[in-house]
Amino acid sequence: MILNLIITPDMLNAQDIKLPAPSRDGGMPLMEALNERESSRLFSEKDLTPQNLSDLLWAAWGINRDSDGRRTAPSSHNRQEMDVYLAMKSGLYLYDAAGNELKQVHGRDIRALTGTQDFPATAPVNLIYVADLEKRGLKEGQQITDTDQLSSWANTGFMAQNVYLWCASEGLSCVIRAMVPRDKLAPEMGLKPLQVVILAQTVGFPPEN
Ligand SMILES: Cc1cc2nc3c(=O)[nH]c(=O)nc-3n(C[C@H](O)[C@H](O)[C@H](O)COP(=O)(O)O)c2cc1C
């Protein structure tokens, strides 16, 4: 009997993190979460739990309509060109919403490279919002204009606000950041020329005292 099984290097990566199912109910009432939403730049170094990560990422960019794969945040023309990467102590990961897992890109700690401020280097999670402009119809070698990226910046705003509200609901600290050294960060992430870093967002527990 011939086994018709193709094993790709992806499937063999032992460093991927399978996440528990996201909690798709509960949390703080919406108006209370809006009342609590704020930027905070004070973080404990304590890691988020796998459940925290699953809920956080589902809030940011999870699939909320299983029938057609649409998401918790809108995207222009439903192009879904956004990817969410996570820089953590254990390495760089890409959120796979359909598989509900974190695919490890590499095992290096590049948190310090995600920002020009000091707290990203020690906070447990830095989300990096990346637009893949190939999914918006751009072709390899094409010059990227500001207009090409407009929708991706808007999409990121929705995702980041979802994260702000989830953090408010869970009592976590977070801040969205444009101060990102994109030229240094993109090569460390192994991004292709049509992948553009839009914003980063640091998330973690508030300091214990
Ligand atoms: C597009 C954008 C970029 C931002 N970039 C940074 C940043 O690089 N670093 C930072 O500490 N805060 C950044 N912030 C957070 C703002 O400073 C913060 O939202 C503002 O001071 C209002 O505070 P609040 O969010 O608590 O209402 C940014 C906010 C936005 C919307």
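All values below were derived from every heavy atom in this structure, side-chain atoms included, with hydrogens, water molecules and symmetry-related copies excluded. Worth saying up front: this structure is predicted, and the values here are computed from it rather than measured.
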Q.
How long is the straight-line distance from CG of Leu199 back to CH2 of Trp153, given to the nearest 0.5 Å?
A. 4.5 Å
Q. What's the spacing between Arg37 CZ and Cys174 SG if we round to 0.5 Å?
A. 8.0 Å
(Q) Tell me if a side-chain donor or acceptor on Gln80 pairs with a main-chain N or O of Gly69 at a distance below 3.5 Å. (A) yes
Q) Where the side chain of Arg71 meets the backbone of Asn64, is there a donor-acceptor pair that is under 3.5 Å apart? A) no
(Q) Treating Lys18 as the side-chain partner and Gly99 as the backbone partner, does any N or O pair qualify as donor plus acceptor under 3.5 Å? (A) yes
**Q.** Where Ala33 and Ala168 come nearest, the two heavy atoms and their spacing
**A.** O-CB, 3.5 Å
Q. How about Thr122 and Phe43: do any of their side-chain heavy atoms sit closer than 4.5 Å?
A. no
Q | Any side-chain donor near an acceptor of the partner, Arg79 and Asn155, under 3.5 Å | A | no
Q) Can you list the residues that meet the side chain to side chain donor-acceptor pair (under 3.5 Å) rule with Ser76, with sequence neighbours excluded? A) none
**Q.** Residues that Glu101 engages under salt bridge (Lys or Arg N to Asp or Glu O under 4.0 Å), provided they are two or more places apart
**A.** Lys103
Q. Linking I/L/V/M/F/W/Y whenever any side-chain heavy atoms sit under 4.5 Å apart, do Val203 and Leu86 land together?
A. yes
**Q.** Donor-acceptor side-chain pairing of Thr49 and Asn52 below 3.5 angstrom
**A.** yes
Q | Exercise: identify the closest heavy-atom pair between Glu81 and Ser75 | A | OE1-CB, 4.4 Å
(Q) Both conditions, 6.0 Å and 45 degrees, for the charged tip of Arg41 above the ring of Phe119: are they met here? (A) no
Q. Should Val105 and Leu127 be counted in the same cluster of Ile, Leu, Val, Met, Phe, Trp and Tyr side chains packed under 4.5 Å apart?
A. no
Q: Check the hydrophobic clustering (I, L, V, M, F, W, Y; side-chain heavy atoms under 4.5 Å; chains of links allowed) and say if Trp61 and Val196 are grouped together.
A: yes
**Q.** Atom NZ of Lys89 with >12 non-hydrogen neighbours under 6.0 angstrom
**A.** no
(Q) Show, in sequence, the C-alpha distance, side-chain angles and deciding distance for Leu53 and Tyr95, and conclude whether the side chain to side chain contact (heavy atoms under 4.5 Å, CB included) test is met. (A) CA-CA 10 Å; Leu53 288 173; Tyr95 174 49; over 6 Å; no
Q) Is the side chain of Arg182 donor-acceptor paired with the backbone N or O of Ile198 at a distance under 3.5 Å, no angle test? A) yes
Q: Search all heavy atoms of Ala59 against all heavy atoms of Trp166 and return the closest pair with its distance.
A: CB-CB, 3.9 Å
**Q.** For the student: nearest non-hydrogen atoms of Asn100 and Pro22, plus distance
**A.** ND2-CD, 3.9 Å
Q: Please name all residues satisfying ring-ring contact (aromatic ring centres under 6.0 Å, His included) with Phe205, sequence neighbours left out, ordered by chain then number.
A: none
**Q.** Side chains of Leu57 and Leu102 in contact at under 4.5 Å (non-hydrogen atoms)
**A.** yes
(Q) Checking the side chain of Ser173 only, and the main-chain atoms of Ser40 only, is there a donor and an acceptor separated by less than 3.5 Å? (A) no
Q: Of all the heavy-atom pairs spanning Met159 and Ala60, show the shortest one and how long it is.
A: CG-O, 3.4 Å
**Q.** side chain to side chain contact (heavy atoms under 4.5 Å, CB included) evaluation trace for Leu172 with Leu48
**A.** CA-CA 10 Å; Leu172 269 72; Leu48 271 64; 4.0 Å; yes
Q.
Looking at Glu134 and Lys192, is there a salt bridge between them, counting it only when a charged N and a carboxylate O are closer than 4.0 Å?
A. yes
Q. Mind checking what makes side chain to side chain donor-acceptor pair (under 3.5 Å) contact with Thr116, not counting sequence neighbours?
A. none
Q: Quick one: list whatever passes salt bridge (Lys or Arg N to Asp or Glu O under 4.0 Å) with Asp118, sequence neighbours left out.
A: none
**Q.** Crowding at CG, Asp68 (>12 non-hydrogen neighbours, <6.0 Å)
**A.** yes
Q: Please lay out, stage by stage, how Gln117 and Arg177 fare under the test side chain to side chain donor-acceptor pair (under 3.5 Å).
A: CA-CA 10 Å; Gln117 294 159 285; Arg177 298 187 287 104; 4.8 Å; no
Q. Shortest non-hydrogen contact from Tyr164 to Ile176?
A. OH-N, 3.1 Å
Q. Salt bridge between Glu188 and Arg108, side-chain N to carboxylate O under 4.0 Å?
A. yes
Q) Quick one: side chain to side chain donor-acceptor pair (under 3.5 Å) partners of Asp148, sequence neighbours excluded? A) Thr145
(Q) Looking at Glu170 and Leu56, would you say the former's side chain and the latter's main chain have a donor-acceptor pair under 3.5 Å? (A) no
**Q.** Leu165/Leu30 under side chain to side chain contact (heavy atoms under 4.5 Å, CB included): CA gap, chis, key distance, verdict
**A.** CA-CA 8 Å; Leu165 292 175; Leu30 176 63; 4.3 Å; yes
Q) Can you list the steps and then say if Tyr129 with Ser152 is a side chain to side chain donor-acceptor pair (under 3.5 Å)? A) CA-CA 9 Å; Tyr129 297 104; Ser152 305; over 6 Å; no
Q: Give, for atom CG of Leu94 and atom CD1 of Ile128, the distance between the pair rounded to the nearest 0.5 Å.
A: 10.5 Å
Q: List the steps and the verdict of side chain to side chain contact (heavy atoms under 4.5 Å, CB included) for Val130 and Met189.
A: CA-CA 10 Å; Val130 173; Met189 295 177 68; 3.9 Å; yes
Q) Rounded to the nearest 0.5 Å, how far does OG1 of Thr114 lie from CD of Gln201? A) 11.5 Å
Q) Going from CE on Met88 to CD1 on Ile110, what distance comes out if it is rounded to the nearest 0.5 angstrom? A) 11.5 Å
Q: Is it possible for you to say whether Leu133 and Tyr85 belong to one hydrophobic cluster, with membership spreading through side-chain heavy-atom contacts below 4.5 Å?
A: no
Q) Is it true that a side-chain atom of Ser169 and a backbone atom of Met28 form a donor plus acceptor pair closer than 3.5 Å? A) yes
Q) Can you tell me how far OH of Tyr93 sits from CG of Leu19, rounded to the nearest 0.5 angstrom? A) 10.5 Å
Q) If two hydrophobic side chains count as joined below 4.5 Å and joins carry through other members, does Leu92 share a cluster with Val125? A) no
